[in-house]
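What follows is one structure encoded as structure tokens, with my remarks underneath.
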Amino acid sequence: MTRFEIRVPERELNLPLCVSCGQVFRWRRIEEDVWAGADGQDGYVCRRSLGGWEVTTNADERSFRRLFQLDRRLRDVEESIVALAPELAPYVARLPGLRLMRPRYAREVLFSFLCTSNNNLERITRMVGWLGDLGEPIAGLPVRAFPPLERLALLDEEELRGAGFGYRARTIVAVARRLTELGGDWLDRLRGVPYGEAHACLRELPGVGPKVADCVCLIGLHFDEAAPIDTHLWQAACRLFFPEWTGKALTEARYLQVGQALRERFGPLTGWAHQYLFYDNLLRWRARSSPERADTLVP
DNA sequence: CCCACACCGATT
DNA sequence: ATCGGTGTGG
């Protein structure tokens with residue numbers, strides 16, 4: 001167990017925002033200004049300090065810095081994005097400290113995003129939390145390691161349905177079996193192939209369509225050019241770039257075009273731009289459905 | 001290429 | 001009643 005202090009201004013890292021905006025799902029606020037979470041086998045408890053965060057972990061400082069990409073200056077990212085797309089300036093200004101995360105364990109990311117189809121943040125968090133509870137405790141920390149593939153392969157559909165996974169129970173079981181056949185390192189090896197190839201490989205897994213494949217590419221495999229187009233991105237893209245498509249359905253052809261348009265505009269910053277578009281639209285949606293929490297960034 | 005529908009549970 | 005990704009069938 002190690003403990004260290006990360007000195008970083010809120011403008012450079014808004015940790016509660018990063019861990020509760022749909023990139024990762026196993027973080028929670030355990031008391032005022034204290035957040036606990038896990039990335040695979042790495043557990044963290046983060047307590048807000050005067051100049052940043054005091055972190056206790058079974059991993060190390062390097063792991064924490066990698067997880068939040070702290071070696072990248074957020075100021076520079078923000079400036080670059082606004083330079084490429086001035087119309088995003090208000091989005092960026094609204095979400096200070098929002099960072100693209102880089103979880104170390106791709107398998108946790110894959111199973112997390114298998115839970116996200118046709119689903120909302122609260123329920124996804126419950127479901128991924130249930131999966132996480134199958135893992136071993138991490139000594140001294142109030143979090144568990146994400147269960148190994150062998151444990152996931154023992155799950156059966158009825159058990160998952162009983163736990164409220166709905167029809168996703170089927171695909172989760174099927175993916176656990178398929179990954180076992182493919183070999184434990186199949187997923188991690190996709191980090192070494194080009195983005196398009198990784199995306200195509202992921203899509204052969206049951207329950208993995210274009211959007212989930214891009215989530216795994218961006219968050220789990222670290223392809224910065226991936227742009228998962230969900231309903232929020234679709235709305236934002238129509239508003240900003242494709243007004244003629246407003247109100248139309250998101251077909252696979254249009255999915256491809258939106259992704260290409262974003263990649264042409266933002267290049268290697270596509271994934272970062274995606275975070276702003278996603279979260280800004282999520283806030284608009286919250287403002288419409290429940291105006292009383294329109295200004296609460298972190299629920 | 002686009003659309004309509006089923007899947008399951010949450011929300012209006 | 002409507003929403004939301006994936007898969008299937010028209």
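The chains referred to below are lettered A, B, ... by the order of the sequence lines, with proteins before strands, and numbering in each begins at 1.
By the 6.0 Å contact criterion, CD on Gln260(A) is enclosed, its count of non-hydrogen atoms from other residues, nucleotides or ligands being greater than 12. In the displayed structure, Arg191(A) atom CZ is contacted under 6.0 Å by more than 12 heavy atoms of other residues, nucleotides or ligands. Remark: Arg177(A) CZ is loosely packed, at most 12 non-hydrogen atoms of other residues, nucleotides or ligands lying under 6.0 Å away. No more than 12 heavy-atom neighbours from other residues, nucleotides or ligands sit within 6.0 angstrom of CZ on Arg3(A). Shown here is Arg161(A), whose CZ atom has more than 12 heavy atoms of other residues, nucleotides or ligands within 6.0 Å.
The stretch residues 212-240 of chain A comes close to DNA chain C through Val212(A), Asp230(A), Thr231(A), each having a heavy atom under 4.0 Å from the strand. The stretch residues 153-173 of chain A comes close to DNA chain C through Tyr167(A), each having a heavy atom under 4.0 Å from the strand. Only Ser117(A), Asn118(A), listed by number, bring a heavy atom of residues 110-120 of chain A to less than 4.0 angstrom from any atom of DNA chain C.
Counting only N and O atoms by type, the side chains of Asn119(A) and Thr116(A) include no donor and acceptor under 3.5 Å apart.
By the 4.5 Å heavy-atom criterion applied to side chains, Trp245(A) and Trp234(A) are counted as neighbours.
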Assess the residue pair Glu87(A) and Arg239(A) against the criterion (salt bridge (charged side-chain N to carboxylate O under 4.0 Å, His left out)); give the C-alpha distance rounded to whole Å, side-chain angles, the decisive distance to 0.1 Å, and a yes or no. CA-CA 11 Å; Glu87(A) 61 271 46; Arg239(A) 202 167 56 238; over 6 Å; no
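Atom CD1 of Ile124(A) and atom C1' of dT6(C) are 14 Å apart (whole Å). Distance CG (Leu256(A)) to C1' (dC2(B)): 15 Å, rounded to an integer number of Å. The nearest whole Å value for the distance from the CH2 atom in Trp245(A) to the C1' atom in dC2(B) is 13 Å. Remark: P of dC1(B) and CD of Gln257(A) are 9 Å apart, rounded to the nearest angstrom. Rounded to whole Å, atom C1' of dG5(C) lies 15 Å from atom CG of Leu121(A). In this structure, the CD atom of Glu252(A) is 11 Å from the P atom of dC2(B), given to the nearest Å. For the pair Leu205(A) CG and dT6(C) P, the interatomic distance rounds to 12 Å; values are reported in whole Å. What separates CG of Leu250(A) from C1' of dC2(B) is a distance of 12 Å, to the nearest Å.
Using the six-membered ring where Trp is involved, Phe278(A) and His232(A) have ring planes that are perpendicular, over 60° apart on the 30 and 60° scheme.
Between Arg48(A) and Glu32(A) no salt bridge is recorded (no basic side-chain N to carboxylate O distance below 4.0 Å).
Expressed to the nearest 0.5 Å, how far OG of Ser80(A) lies from CZ of Arg73(A) amounts to 10.5 Å.
Of the candidates dA10(B), dC1(B), dT6(C), the closest approach to any side-chain atom of Lys211(A) belongs to dT6(C).
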